[in-house]
Amino acid sequence: MANTYIYLPGSGNGGPGGVKFTYSVWFKLAKDSGDSGLVSTNPGGQQSWDLWVNPFVKFKCYESTSLIGQLVTNAKLRDIGAWYNIVVNIDFANVTEDQRMKLWINGVQQTGSLLSAETYPSTSGTVDSGGSVFNIGRYQASSDYFKGSMSNIHFYDGYAYDASDFGEFDSTSGIWKIKTTGPSATYGTYGFNVKMEDRTNLDLDSSSNALAFTTGGTLTATYDNPSNNFCTLNPLDNYYQASTFSNGNNTIVTSSSNYSYNTGILGLSAGLWYYEVKVVATAGTRNDVIGIAAAPPTSTSDFVGKTSETYSYNGDD
């Protein structure tokens, strides 16, 4: 979603409202550093809240320009090969201070030593709904767009749900997996559910509110989702290659100055597997080399098929 986001306009028809809400999002990172905005609201001189990764997770609420609550994790989200789930909720009216603001990463609530900063709002806090613009995929304060893919975005206006309402731990693997339906059919006045699964209408709100989102930029459809994690290219294995990545790590431009190869995010040890590559442009002689490798390159002169643990198709000959 680089340089692309979806939003609800302000003027009374967008943004979260009241003293209680829940936000849940599933996402897959395409980079491991820099601000990557998951959601933000434009306060218009009133209240707002923001959630972003950089690679720490930061969840902050403001009244005008004054910080009234924040949770900042010690955890660094750097796995560009997995789908993450973050759930945040606010209940300003809760009499217990540390229950007014909560944050979960893959089903684990971030509390105590898992946090580097925590400030809880007072019971008089609210988040304005009247003039806010609700941005998905952008941290509006500095126009930092989310780099990666997003799926199953829930917002519940007036309800404080826990992470267990959106996911569960697999009984065999222990991995946090998605629940495809949210905890309730009632989303509140400004609630929504953007699944990003309708390839002809990616910003469709599937909730009963059917809110009209607007897309800024161009959303790219993908079959990659929390229930079916696709293998994409690995920008962390790029020391010798000096390649550039885009389109959720599905598009790559390789360097013309060396032969070393880039790899995918999923290593395989057995089974029957399929993948495909489309060459869209070449420079000079067709030296495209595509194949499989049991190890990453160790120099700029390594190419797929050169060593005994690699096999390739060479487009040159």
Will you find, in the side chains of [X] and [Y], an N or O donor that is under 3.5 Å from an N or O acceptor?
X: Ser260; Y: Asn258; value: yes
X: Thr215; Y: Asp203; value: yes
X: Asn225; Y: Ser151; value: no
X: Asn85; Y: Trp176; value: yes
X: Asn193; Y: Asp205; value: no

Nearest 0.5 angstrom please: [X] [atom1] to [Y] [atom2], how far?
X: Lys278; Y: Asn250; atom1: NZ; atom2: CG; result: 13.0 Å
X: Tyr5; Y: Ser40; atom1: OH; atom2: OG; result: 9.0 Å
X: Ile292; Y: Glu309; atom1: CD1; atom2: CD; result: 11.0 Å
X: Ile90; Y: Gln99; atom1: CD1; atom2: CD; result: 13.0 Å
X: Asn238; Y: Ser255; atom1: CG; atom2: OG; result: 9.5 Å
X: Asn152; Y: Glu197; atom1: CG; atom2: CD; result: 7.0 Å

Do the side chain of [X] and the main chain of [Y] share a donor and acceptor less than 3.5 angstrom apart?
X: Asn94; Y: Thr96; result: yes
X: Thr22; Y: Tyr159; result: yes
X: Glu118; Y: Ser116; result: no
X: Asn247; Y: Asn249; result: no
X: Ser207; Y: Asn209; result: yes
X: Asn135; Y: Tyr7; result: no
X: Thr186; Y: Gly188; result: no
X: Ser173; Y: Asp170; result: no
X: Ser312; Y: Val304; result: yes

key: Asp237/Thr263 under side-chain hydrogen bond (donor to acceptor under 3.5 Å, both in side chains): CA gap, chis, key distance, verdict   = CA-CA 7 Å; Asp237 178 21; Thr263 57; 2.6 Å; yes

I want to check something: taking the side chain as every heavy atom from C-beta on, are [X] and [Y] in contact at a cut-off of under 4.5 Å?
X: Leu38; Y: Trp52; result: no
X: Val57; Y: Leu51; result: yes
X: Asp144; Y: Arg138; result: no
X: Ile136; Y: Ile153; result: yes
X: Phe56; Y: Lys76; result: yes
X: Lys102; Y: Asp162; result: yes
X: Ser24; Y: Ile86; result: no
X: Thr73; Y: Leu103; result: yes

inquiry  = Quick one, Lys179 with Phe166, criterion side chain to side chain contact (heavy atoms under 4.5 Å, CB included). Give me CA distance, side-chain angles, the key distance, then yes/no.
reply    = CA-CA 5 Å; Lys179 289 182 177 178; Phe166 302 94; 5.8 Å; no

Checking [X] now: which residues fulfil ring-ring contact (aromatic ring centres under 6.0 Å, His included) with it, not counting sequence neighbours?
X: Phe192; result: Phe134, Phe155, Phe213
X: Tyr84; result: Phe27
X: Tyr239; result: none

Output all residues satisfying salt bridge (charged side-chain N to carboxylate O under 4.0 Å, His left out) with [X], sequence neighbours left out; order by chain, then residue number.
X: Asp224; answer: Lys28
X: Lys60; answer: none
X: Lys58; answer: none

Check [X] against [Y] and note the closest heavy-atom contact, atom names and distance.
X: Val72; Y: Gln70; value: CG2-OE1, 3.6 Å
X: Ser36; Y: Lys147; value: OG-N, 3.0 Å
X: Pro121; Y: Arg100; value: O-NH1, 2.7 Å
X: Leu202; Y: Thr220; value: CD1-C, 3.9 Å
X: Lys177; Y: Trp26; value: C-CH2, 3.6 Å
X: Tyr275; Y: Gly291; value: OH-O, 2.7 Å

inquiry  = Using the ring centroid of each side chain, check whether Tyr23 and His154 are separated by less than 6.0 Å.
reply    = no

For the [atom1] atom on [X], are there more than 12 heavy atoms of other groups (residues, nucleotides or ligands in this structure) within a distance under 6.0 Å?
X: Ile175; atom1: CD1; answer: no
X: Tyr313; atom1: OH; answer: no
X: Phe230; atom1: CZ; answer: yes

Are [X] and [Y] joined in one hydrophobic group, where the rule is that I, L, V, M, F, W and Y side chains link up if heavy atoms are under 4.5 Å apart?
X: Ile80; Y: Ile105; value: yes
X: Phe245; Y: Tyr261; value: no
X: Val88; Y: Val108; value: no
X: Tyr240; Y: Phe303; value: no
X: Val289; Y: Tyr311; value: no

query = Going through the checks in order, is the side chain to side chain contact (heavy atoms under 4.5 Å, CB included) test met by Arg199 and Tyr223?
reply = CA-CA 9 Å; Arg199 299 174 69 83; Tyr223 290 110; 3.5 Å; yes

note = ring pair (Phe, Tyr, Trp, His ring centres under 6.0 Å) test vs Phe21 passes for just one of Trp49, Tyr161, Tyr187, namely Trp49

query = Under the side chain to side chain contact (heavy atoms under 4.5 Å, CB included) criterion, do Leu8 and Leu211 qualify, and how do the steps go?
reply = CA-CA 8 Å; Leu8 286 168; Leu211 300 177; 3.8 Å; yes

query = Between Asn262 and Ser243, does a side-chain hydrogen bond (donor to acceptor under 3.5 Å, both in side chains) hold up when you go through it step by step?
reply = CA-CA 8 Å; Asn262 290 94; Ser243 301; 2.7 Å; yes

